[in-house]
Visitor: 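Quick one: structure below, then a few questions.
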Amino acid sequence: MNNREKIWQVVAQIPKGKVATYGQVARLAELPGYARYVGYTMKNLPAGTRLPWFRVVNSQGRLSFPHDSSQYQSQKSKLESEGIVFIGGRFSLKKYQWQPGQES
DNA sequence: CAAGGGGCTGTCA
DNA sequence: TTGACAGCCCCTT
């Protein structure tokens with residue numbers, strides 16, 4: 001299993017309505033410091049993947065796409081459909097960040 | 001082999 | 001609270 005797959009597994013575990021930061025995903029995948037690689041990996045997901053990549057956000061409680069890009073809108077709407085509320089272009093990371101162990 | 005860049009981050013001003 | 005900076009890791013030039 002390569003690092004890319006480890007990342008996929010972690011992302012696949014993020015529960016609906018919750019989000020995780022790139023750095024958090026990296027740590028959970030036992031790859032501390034690979035935050036940036038996580039983003040790179042999400043960018044190169046196989047077409048048609050069912051991975052909830054939209055639940056991965058940056059540590060600022062914001063999305064890492066240009067505010068006017070279609071990708072930003074796409075991710076934002078997907079998160080909102082799961083109950084995450086955006087205020088002024090961002091959301092409360094404190095409130096929605098995934099805490100492994102309290103999922104179910 | 002070197003350089004640039006990408007859905008990042010923690011630190012410091 | 002923002003913005004600038006320096007590290008991080010990997011892939012493509």
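Predicted, not measured: the structure shown is a model, and the values here were computed from it. Every chain is numbered from 1, with letters handed out A, B, ... down the list of sequences.
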Visitor: Is any side-chain heavy atom of Tyr22(A) closer than 4.5 Å to one of Ser64(A)?
Guide: yes
Visitor: Send over the distance from Gln24(A) CD to dC8(C) P, rounded to a whole Å.
Guide: 22 Å
Visitor: Any side-chain heavy atom of Arg90(A) sitting closer than 4.5 Å to one from Gln60(A)?
Guide: no
Visitor: Would you kindly give the OH-to-C1' distance between Tyr22(A) and dC9(C), to the nearest whole Å?
Guide: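 Between C1' of dC9(C) and OH of Tyr22(A): 16 Å.
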Visitor: I'd like to check Thr49(A) versus Trp8(A) (side-chain heavy atoms, cut-off strictly below 4.5 Å). Are they in contact?
Guide: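 A side-chain contact under 4.5 Å is absent here.
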Visitor: Given side chains that start at C-beta, do those of Phe54(A) and Ser81(A) come closer than 4.5 Å, heavy atoms only?
Guide: no
Visitor: dC8(B) P sits how many Å from Gln97(A) CD, rounded?
Guide: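 To the nearest whole Å, that distance equals 16 Å.
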Visitor: Under 4.0 Å between a side-chain N or O of Tyr40(A) and OP1 or OP2 of dC9(C)?
Guide: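 For dC9(C), neither OP1 nor OP2 has a side-chain N or O of Tyr40(A) closer than 4.0 Å.
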Visitor: Any non-hydrogen side-chain atom of Leu93(A) less than 4.5 Å from a side-chain atom of Val57(A)?
Guide: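 Side-chain contact under 4.5 Å: yes.
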Visitor: Ignoring the backbone of Thr21(A), work out which of dC9(C), dT9(B), dG7(B) is nearest its side chain.
Guide: dT9(B)
Visitor: CD1 of Ile7(A) versus C1' of dC8(C): gap in Å, rounded?
Guide: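 Atom-to-atom, Ile7(A) to dC8(C), this comes out as 13 Å.
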Visitor: Need the pair for dG3(C). Rule: Watson-Crick or G-U wobble, both distances under 3.5 Å, any strand; none if unpaired.
Guide: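 The base-pairing partner of dG3(C), which may sit in any strand shown, is dC12(B).
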Visitor: Any residue in residues 46-63 of chain A with a heavy atom nearer than 4.0 angstrom to DNA chain B? Just list them by number, or reply none.
Guide: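 Heavy-atom cutoff 4.0 Å gives Trp53(A), Val56(A), Val57(A), Asn58(A), Ser59(A).
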Visitor: Taking the P atom of each, how far is dG7(B) from dG7(C), in whole Å?
Guide: 23 Å
Visitor: Quick one: which of Gln24(A), Arg27(A), Lys18(A) gives a side-chain contact (heavy atoms from CB on, under 4.5 Å) with Pro100(A)?
Guide: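 The passing option is Gln24(A).
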Visitor: Who is the Watson-Crick or G-U wobble partner of dA2(B), with both distances under 3.5 Å?
Guide: dT13(C)
Visitor: Distance check needed: dG6(B) P versus Gln71(A) CD, whole Å only.
Guide: 13 Å
Visitor: Where the side chain of Tyr34(A) is concerned, which of dG7(B), dT9(B), dC9(C) is the nearest nucleotide?
Guide: dC9(C)
Visitor: Could you state the OH-C1' distance from Tyr37(A) to dT12(C), rounded to the nearest angstrom?
Guide: 14 Å
Visitor: How close or far is atom C1' of dC10(C) from atom CE of Met42(A), stated in whole angstroms?
Guide: 14 Å
Visitor: In this structure, how many angstroms lie between the C1' atom of dC9(C) and the CD atom of Glu30(A), rounded?
Guide: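 My rounded result for the distance is 17 Å.
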Visitor: Can you classify the ring geometry of Tyr37(A) versus Tyr34(A) as parallel (below 30°), tilted (30 to 60°) or perpendicular (above 60°)?
Guide: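 Ring orientation, 0 to 90° scale: perpendicular.
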